[in-house]
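Along the sequence shown, residues are numbered consecutively beginning with 1. One-based numbering, in listed order, for ligands and for the atoms of each.
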Amino acid sequence: MTTAGTLPAPATFPPRPQMDTEALYAQAAADRLGFWAEQGRRLSWDKPFTTVLDDTESPFYRWFTDGTLNASANCLDRHVAAGRGDRVAYHWHGEEGETRTITYAALLEEVQRFANALKGLGVTAGDVVGIHLPMIPEAIVAMLACARIGALHNVVFGGFAPQAVGERMAACGAKALVTVDGARRKGRVTAVKQALEEVLETLPDLEHVVVVGAAEAPCPMRPGRDSWYAGLCAAADPECPAVPLPAEHPLFILYSSGSTAAPKGVVHTTGGYLTGVSYTHRVVFDLAPERDVWFCTADIGWITGHSYLVYGPLLNGVTSVLFEGAPDHPHKGVWWELVERYGVTQLYTAPTAIRAAMSWGEELPGRYDLSSLRLLGSCGEPIDPTAWHWYHRVIGGGRCPVVDTWWQTETGSIMIAPLPGATGTKPGSATRPLPGVSAELLDADGTPVTGGTGLLALTEPWPSMLRTLYGDDERYLVTYFSRFGKDTYLVGDAARLDEDGCFWILGRTDDVINVSGHRLSTAEVESAVAAHPAVADVAVVAIPDELTGQAVVAFVTPAGGRPGDAALETELRRHIAVRIGKLARPKRIVWAADLPKTRSGKIMRRLLRDLLTGQETGDVTTLGEPDVMAALTAAVTHPIH
Ligand code: WT7
């Protein structure tokens, strides 16, 4: 990767008086905990905290421990109480162009009704409620209703297959699931609830299923277990006071892929998470609620949706665009149409979407008036300088700063990003850690390096950090804090630090694949493939891909010595879509009579990667069967079909 020079902060984007960014860096550096306490106090607390950080049992850090607050009250009630109930919270835009305008007051009323409905079903504080919904307002209502009564939400991305939904419900013992009759996608309807039926039967803890009627899809209902969302809300009392909860009360679980097949249940708690999200949303995107219209294109099922489509914008009292559809439906210019229609001022999306828009041509965005835009954000994977410049020039008209934001499901909120107006930007670099965040680059021994490449680590706790992995404190310790000790959070990314102190994220160092900004685990895909009776062995690797960043390639040894063929390939792709989701389908399947393994039987995925990217495979002396590579080279260069 090349280092472009630091660009000056664009002259058209002066720092706001209310945001003296240099002072923020200075203040945080001088008194980190005092800085975070001040950010925490921007929330409204039922009982103010006096302790900022309790690190006596690190790395099980606890923030703002003696304070109490409620997330939904912070997102809704306080804006309504301040006379801002008529402000639009969401401009919802449906697949077929239908619209719903939802004010803060209306959202508060619906949340209270649904919170009462959940209570009526017996859901209480500490219970887990699964949410498996498309991008409809009810998804946000369901999240906030849980938060209102202290139930934990566990949102599972709408694109996940029934089996993956079931696993994520079973792992957290969800008591209720909120889902939908049907989800619309590019003009087609999938009968979501119907497809879930079989899996629901296998969940002993699941007592209730609430179904949002959204698409008139066939939807069997089991009496006693299943109820319609609309009916429950209509019958519910419109008033449900928000419960004050301890700051460390868990707010939600979100499953993310790690380096083993079992997904990790990342746990975020109330006070710290909300503090991190509201602070970063305000300063990184320079939001002014009276004037700005925010458009985050992420799905609610990922952390970006949680932090910057739901909690961040609502905490800051901002108006957002919530778009149900795909970026190319009903046409490939639909996002730009929405920018023009709603006067979007800040757009936050992923590099993969920018690359797709690039491939569709700049003539499409050129048809719309994008002059309302003031700032552009990117997250999820490294943004290559070509895409960065295109985004800056074609979408931002050359006037909008591009903020490349680095963070993770585990960090809860943005960690490394430029502050618009203060930090100069460098295409391809997320630049510097935000005020309050301590990031370092370590060598293999854990010694900090001041330049060159190394392992990215976060060396001080921060309020929105994950607290544990649900039900598995040990895995939390081992995954993040075993290599360099309990004071050093190991990120799992490699990075380069340049002479200006800017970080360039190079990618994961574990077996995690990043497809279109979504995390998949090599092991998870492998175990799904291996579960198919026609498969004897499998190895999954990632290769660079122009559109999706990385793509999945599976090396498969068919069972019983039979050769692979097109029919088996189709079958395996279908099988993976059913087990995990379409996202995980391999771009390519290579039939391999044998896989390269060490003498102890460990698959050497590095060799497979080298093979696919046309690199010298180098040292193969540790291989149990060195001849394997010759056969594989032939299979890769001369596929059977
Ligand atoms: C992994 C986290 C950003 C939240 C959504 C994804 C990669 C994330 C960047 C960026 C380069 C990035 C990292 C990270 N990543 N943002 N700006 N530049 N890489 O959250 O699914 O938890 O994935 O995404 O590899 O570890 P996630």
Side-chain angles (χ1 to χ4, degrees), residues 1 155-157 159-160 253-259 263-268 273 276-277 280-281 284-285 296-309 311-312 348-355 376-385 387-388 391 402-418 425-434 437 439 453 455-458 464-466 469 479-480 489-496 502-522 524 542 544 548-550 583-584:
M1 210 181 281
V155 181
V156 178
F157 172 53
F160 270 127
I253 307 169
L254 184 60
Y255 282 89
S256 178
S257 296
S259 41
K264 303 187 284 199
V266 171
V267 176
H268 283 289
Y273 173 79
V277 163
T280 52
H281 190 240
V284 175
F285 303 110
C296 168
T297 67
D299 193 279
I300 204 153
W302 309 110
I303 192 67
T304 310
H306 283 55
S307 299
Y308 299 111
L309 186 61
Y311 289 107
Y348 193 32
T349 191
T352 185
I354 300 165
R355 290 192 298 269
L376 303 172
S378 167
C379 81
E381 53 169 324
I383 174 164
D384 55 284
W388 194 104
Y391 196 29
V402 173
V403 291
D404 175 4
T405 61
W406 176 87
W407 58 295
Q408 307 178 295
T409 306
E410 292 89 339
T411 69
S413 60
I414 297 167
M415 297 281 105
I416 303 179
T425 48
K426 293 189 188 199
S429 167
T431 73
R432 294 199 276 160
L434 291 181
V437 174
T453 59
L455 303 169
L456 185 61
L458 299 171
S464 68
M465 69 191 294
L466 80 164
L469 295 175
T479 309
Y480 307 107
Y489 169 89
L490 186 66
V491 160
D493 285 348
R496 188 166 64 78
C502 288
F503 288 89
W504 299 71
I505 310 297
L506 301 172
R508 304 284 310 187
T509 56
D510 52 13
D511 288 326
V512 170
I513 307 178
N514 188 330
V515 179
S516 301
H518 300 144
R519 252 206 246 181
L520 286 171
S521 120
T522 301
E524 196 179 358
T548 57
Q550 289 190 318
L583 190 72

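Of the residues K264, R519, E524, the one that meets the side chain to side chain donor-acceptor pair (under 3.5 Å) test with S257 is E524.
Nearest heavy-atom pair across V277 and Y311 is CG1-C, 4.0 Å.
Under the 30°/60° scheme for interplanar angles, the aromatic rings of H518 and F157 are found to be tilted. Ring pair Y489/Y480 is parallel by interplanar angle, where below 30° counts as parallel and above 60° as perpendicular.
S307 and Y273 share a donor-acceptor pair across their side chains, judged by distance under 3.5 Å alone.
If you look at ligand 1, the protein residues with a non-hydrogen atom under 4.0 Å away are I303, T304, C379, G380, E381, P382, D404, T405, W406, W407, Q408, T409, D493, I505, R508, N514, R519.
Under a 3.5 Å cut-off, the side chain of Q550 and the backbone N or O of A542 do not form any donor-acceptor pair.
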